[in-house]
Amino acid sequence: EGLKSFVNNEISNRLKAEILRTRTTSIIFRYNGDLEKLYDLKTVIAVYRLLEFDVPRPKALLGHENFTRLLDTIQDICAEKPFNSFRFSAAGKDSSIFERLCSDIARETGLKNVTNDADLLIRIRKAVVEPDGWEVLLRITPRPLSTRSWRVCDMRGAVNATIAACMVEMTFPSVEDHFLNFMCGSGTLLIERANRLPAKSIVGVEHDPQVLKCAKQNITAALTPVPIDLIEADARSMDLPDKQFTALVADLPWGQEFGAHEYNAQLYPAVLAEAARVAASGARLVLLSHEVRLMESILEQLANLWHLKRTVKVFQGGLHPRLYALERK
């Protein structure tokens with residue numbers, strides 16, 4: 001719920017779409033405009049065409065009228081983007097009903113039915129609005145929108161680009177910003193900020209030269225409209241002026257892919273104290289971490305430096321890390 005306002009804003013203001021209803025993890029809207037604008041959404045994981053069927057069970061989708069409607073929608077989607085394969089995501093997808101649906105769709109469309117990494121993802125689930133109905137959702141792009149085309153250098157543990165875009169929104173970006181991403185990794189947060197809005201400066205700090213090289217490759221591929229400065233430095237001791245930055249972000253190590261819990265207990269307070277030094281009064285800081293108890297403890301310790309404005313639970317890689325929106329006192 002803490003991010004819905006940003007997503008709603010992108011859908012309703014940017015697309016001029018009509019929001020019909022919202023759910024825990026989705027927003028349903030009616031849109032009649034240029035599909036290219038849908039492909040460029042930043043704060044959503046994926047966009048689906050939604051078909052609602054007033055039927056008691058998925059077997060009814062095999063009926064001529066329902067199947068024709070489903071097939072026509074698949075063909076419309078395939079006419080816009082290159083699709084070669086499809087798969088179902090549904091309870092009971094190994095049943096004889098879904099086997100027949102798969103074979104009929106493959107025969108009529110020429111798409112190959114695969115179990116993993118399919119271009120066309122088809123989700124079937126019980127409808128929420130119609131208690132006896134079912135919904136079919138068809139993803140309109142061969143990959144999720146969170147898969148950015150500029151990512152030529154990938155790294156384990158890199159922040160999901162959709163989450164990165166939301167983190168940028170949580171800083172309430174302005175053209176007057178001096179933006180800092182410490183522990184910048186492969187550059188995802190930097191690129192999302194540079195593509196969002198111009199700024200007075202955008203700076204990334206990373207201590208590992210090989211990781212910085214990866215960030216440079218992604219930034220070059222992204223063709224960002226504003227320059228990004230990269231600095232090789234330890235985030236606990238950055239060679240940067242006091243009180244310079246108005247917006248700061250970081251994806252902190254979680255002690256799983258990188259780092260260790262014991263190490264983080266010393267790293268986190270040092271990094272947040274250094275961030276406070278370079279942050280202007282009233283600066284916004286957004287952090288991503290799965291170290292929930294540790295963050296709560298450290299924010300208590302540093303209550304004289306940072307004011308916690310909001311905490312939002314998100315989903316990444318099977319885990320539920322938190323976004324922490326802070327303000328420099």
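Gln316 and Asn160 are not linked by any side-chain donor-acceptor pair at a separation below 3.5 angstrom, with hydrogens and angles left out of the test. For the residue pair Ser297 and Gln301, a side-chain donor N or O sits within less than 3.5 Å of a side-chain acceptor on the partner. Side chain to side chain, Thr188 and Arg151 meet the donor-acceptor criterion of an N or O pair below 3.5 Å.
Under the 4.5 Å side-chain criterion, counting only non-hydrogen atoms from C-beta, Asn181 is not in contact with Val203. Taking the side chain as every heavy atom from C-beta outward, Gln244 and Val278 never approach each other to under 4.5 Å. A 4.5 Å side-chain heavy-atom check between Leu50 and Glu135 finds at least one atom pair inside the cut-off. No side-chain heavy atom of Leu252 sits less than 4.5 Å from a side-chain heavy atom of His290. Taking the side chain as every heavy atom from C-beta outward, Ile122 and Leu120 approach each other to under 4.5 Å. Side-chain contact between Leu137 and Arg49 is absent, with no heavy-atom pair separated by less than 4.5 Å. Side-chain contact between Met183 and Leu267 is present, with at least one heavy-atom pair separated by less than 4.5 Å. For the pair Leu145/Ile45, no side-chain contact is recorded, criterion being any heavy-atom separation below 4.5 Å from C-beta on.
The pair Arg277-Glu274 meets the salt-bridge criterion, since a charged nitrogen lies less than 4.0 angstrom from a carboxylate oxygen. One finds no salt bridge joining Arg139 and Asp119 here, because no Lys/Arg side-chain nitrogen approaches an Asp/Glu carboxylate oxygen to under 4.0 Å. Ion pairing between Arg310 and Glu169 fails under the 4.0 Å rule for side-chain N and carboxylate O. Comment: Glu176 engages Lys200 in a salt bridge, judged by a side-chain N to carboxylate O separation of less than 4.0 angstrom. Ionic pairing of Glu291 and Arg322 is not present here: no N-O contact between side-chain nitrogen and carboxylate oxygen is shorter than 4.0 angstrom.
The backbone N or O of Phe86 lies less than 3.5 Å from a partner atom in the side chain of Asn113, making a donor-acceptor pair. Side-chain atoms of Trp306 come within 3.5 Å of backbone atoms of Leu272 as a donor-acceptor pair (strictly under, hydrogens ignored). Without hydrogens or angle criteria, Thr220 side chain to Lys216 main chain gives a donor-acceptor distance under 3.5 Å. Proximity of a side-chain donor or acceptor of Arg284 to a complementary backbone N or O of Phe172 within less than 3.5 Å is detected. With Tyr268 contributing its side chain and Pro253 its backbone, the two residues share a donor-acceptor pair below 3.5 Å. Checked by atom type and distance alone, the side chain of Glu10 pairs as donor or acceptor with a backbone atom of Thr43 at under 3.5 Å. The backbone N or O of Thr246 sits nowhere less than 3.5 Å from a side-chain atom of Asp177 that would complete a donor-acceptor pair. Without hydrogens or angle criteria, Asp251 side chain to Ser289 main chain gives no donor-acceptor distance under 3.5 Å. Although no hydrogens or angles enter the test, the distance criterion places a donor-acceptor pair under 3.5 Å between the side chain of Glu206 and the main chain of Gly185.
Annotation: His320, atom NE2; neighbour count of heavy atoms from other residues, nucleotides and ligands within 6.0 Å is above 12. Remark: Asp242 CG is packed, more than 12 non-hydrogen atoms of other residues, nucleotides or ligands lying under 6.0 Å away. Dense packing is recorded around CZ of Arg125, with more than 12 heavy atoms of other residues, nucleotides or ligands lying under 6.0 Å away. In the displayed structure, Lys309 atom NZ is contacted under 6.0 Å by at most 12 heavy atoms of other residues, nucleotides or ligands. Heavy-atom neighbours of Arg107 CZ from other residues, nucleotides or ligands within 6.0 Å: above the threshold of 12. Atom NZ of Lys59 is surrounded by 12 or fewer heavy atoms from other residues, nucleotides or ligands within 6.0 Å.
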Can you check side chain to side chain contact (heavy atoms under 4.5 Å, CB included) on Phe67 and Glu108, steps first, answer last?
-> CA-CA 11 Å; Phe67 184 73; Glu108 295 294 333; 4.2 Å; yes

Ile28 vs Thr22, side chain to side chain contact (heavy atoms under 4.5 Å, CB included): CA-CA, chis, key distance, verdict = CA-CA 6 Å; Ile28 300 173; Thr22 63; over 6 Å; no

Stepwise, does the side chain to side chain contact (heavy atoms under 4.5 Å, CB included) test hold for Ser89 with Leu121?
-> CA-CA 7 Å; Ser89 173; Leu121 176 61; 3.9 Å; yes

Between Ile163 and Leu323, does a side chain to side chain contact (heavy atoms under 4.5 Å, CB included) hold up when you go through it step by step?
-> CA-CA 9 Å; Ile163 293 176; Leu323 295 176; 4.2 Å; yes

Step by step, would you call Asp117 with Arg87 a salt bridge (Lys or Arg N to Asp or Glu O under 4.0 Å)?
-> CA-CA 8 Å; Asp117 296 326; Arg87 73 176 178 88; over 6 Å; no

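Taking the ring centre of Phe53 as origin, the terminal cationic atom of Arg69 falls inside the region bounded by 6.0 Å and 45° from the ring axis. Annotation: cation-pi geometry not satisfied between Lys112 and Phe83 (NZ/CZ under 6.0 angstrom from ring centroid, within 45° of ring axis).
Residues Ile231 and Phe245 are members of one and the same hydrophobic cluster, defined by side-chain heavy-atom contacts under 4.5 angstrom among Ile, Leu, Val, Met, Phe, Trp and Tyr. Note: the hydrophobic cluster containing Leu299 also contains Val292 (ILVMFWY, side chain heavy atoms under 4.5 Å, direct or indirect links). Linking Ile, Leu, Val, Met, Phe, Trp and Tyr residues whenever their side-chain heavy atoms come within less than 4.5 Å places Val47 and Ile27 in a single cluster. Val152 and Val211 fall into different hydrophobic clusters, where Ile, Leu, Val, Met, Phe, Trp and Tyr are joined by side-chain heavy atoms under 4.5 Å apart, directly or via other members. Put simply, Val7 and Tyr39 are part of the same group of oily side chains (I, L, V, M, F, W, Y) that touch within less than 4.5 Å, one to the next.
Only one option out of Leu240, Asp234, Asp239, Asp229 pairs with Val205 in a side chain to side chain contact (heavy atoms under 4.5 Å, CB included); it is Leu240.
Contact detail for Val286 and Met167: the closest heavy-atom pair is O-CE, 3.6 Å. What you find for Leu41 and Arg148 is that their closest heavy atoms are O-NH1, 4.3 Å. Considering every non-hydrogen atom in both Trp150 and Ala222, the closest pair reads CB-CA, 3.5 Å. Summarising the geometry of Ile124 relative to Ala90, their closest heavy-atom pair is O-CB, 3.5 Å, with the distance given to 0.1 Å. In this structure, Leu51 and Leu138 approach most closely via the heavy-atom pair CD1-CD1, 4.0 Å. When every heavy atom of Ser85 is checked against every heavy atom of Ala118, the shortest pair comes out as OG-CA, 3.4 Å.
Connectivity analysis of hydrophobic side chains (ILVMFWY, heavy atoms under 4.5 Å, direct or indirect) links Val168 to nothing; its cluster partners are none.
Atoms CG and NE2, on Leu248 and His178 in that order, are 12.0 Å from each other to the nearest 0.5 Å. Here CE of Met170 is found 9.0 Å from CG of Leu326. Values are rounded to the nearest 0.5 Å. Note that CD1 of Ile202 is 5.0 Å distant from CZ of Arg193, once rounded to the nearest 0.5 Å. Rounding to the nearest 0.5 Å gives a distance of 12.0 Å between CH2 of Trp254 and CG of Asn264. In this structure, CZ in Arg57 is found 10.0 Å from CG in Asp132, a value given to the nearest 0.5 Å. With rounding to the nearest 0.5 angstrom, the CD1 atom of Ile191 is 7.5 Å from the OG atom of Ser186.
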